[in-house]
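Each remark here refers to the structure printed beneath this line.
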Amino acid sequence: MRGNFRECRRFSIGAFTKAIEVQPLDAYAWYNRAMAKNMIGEYETAVDDFTTCIGLSRSYEKVWYNRGITKMYIGQYDGALFDLNQALS
C-alpha cells in the first residue's frame, strides 16, 4: 500500500477491526489493532484494546509491556508501573 505512515496504520486498524468483528476472541487481532493505534498516537483507545487482549490472554507478556508503555505516554504512571511489573513476572 502506498501512502504515508498514518494512512497505512489507519488501513491496518480497519483490517484488524474487521478481523475482530469476525473473531472477537482473537487476542492477536486486538493486540495488533492496539499497536497500530499506538503508532499514530491514539493512546487511550490503544489502552482499551490492550486491556481487552489481556482479558483474552493474560499470559501474553508483550501486551502487558506495551500497555504499560502506552499508559506512560498518557501520564498513567501507577498503571504503567503495574503493567510493566506484570510483564516481568
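Sequential numbering from 1 along the given sequence is applied to the chain's residues. Side-chain atoms are counted along with the backbone in the values below, which use heavy atoms only and exclude waters and symmetry mates.
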Between the main-chain N or O of D48 and the side-chain N or O of T52, is there a donor-acceptor pair closer than 3.5 Å? yes

Rounding to 0.5 Å, atoms CG (L81) and CD (Q86) come to a distance of 10.5 Å

Distance check, rounded to the nearest 0.5 Å: S57 atom OG versus D26 atom CG? 10.5 Å

Could you check whether Y73 and N38, counting side-chain N and O atoms only, form a donor-acceptor pair closer than 3.5 Å? no

Between E42 and R33, does the salt bridge (Lys or Arg N to Asp or Glu O under 4.0 Å) criterion hold? Intermediate values first, please. CA-CA 11 Å; E42 294 183 8; R33 187 172 79 171; over 6 Å; no

Could you tell me if the side chain of M35 sits less than 4.5 Å from the side chain of F50, heavy atoms only? yes

Residue pair C53 / A27: nearest heavy atoms and the distance that separates them: SG-O, 3.2 Å

Closest approach of A36 and I13, non-hydrogen atoms and distance? CB-CG1, 3.6 Å

Please name the pair of heavy atoms, one in Y43 and one in I74, separated by the smallest distance, quoted to 0.1 Å. CB-CG2, 3.4 Å

Atom CG in N32, atom NZ in K37: separation rounded to 0.5 Å? 12.5 Å

So, applying side-chain contact (heavy atoms from CB on, under 4.5 Å) with T51, which one of D49, V47, I54 is it? V47

Does the side chain of L84 come within less than 4.5 Å of I69's, by heavy atoms? yes

Kindly compute the distance separating OH (Y77) from CE (M72), expressed to the nearest 0.5 Å. 8.0 Å

If you round to the nearest 0.5 Å, how far is CD of Q76 from CG of D78? 9.5 Å

May I ask you to decide if the ring planes of Y60 and Y28 are parallel, tilted or perpendicular, using 30° and 60° as cut-offs? perpendicular

Donor-acceptor pair, distance only, cut-off 3.5 Å: does the side chain of W64 make one with the backbone of F82? no

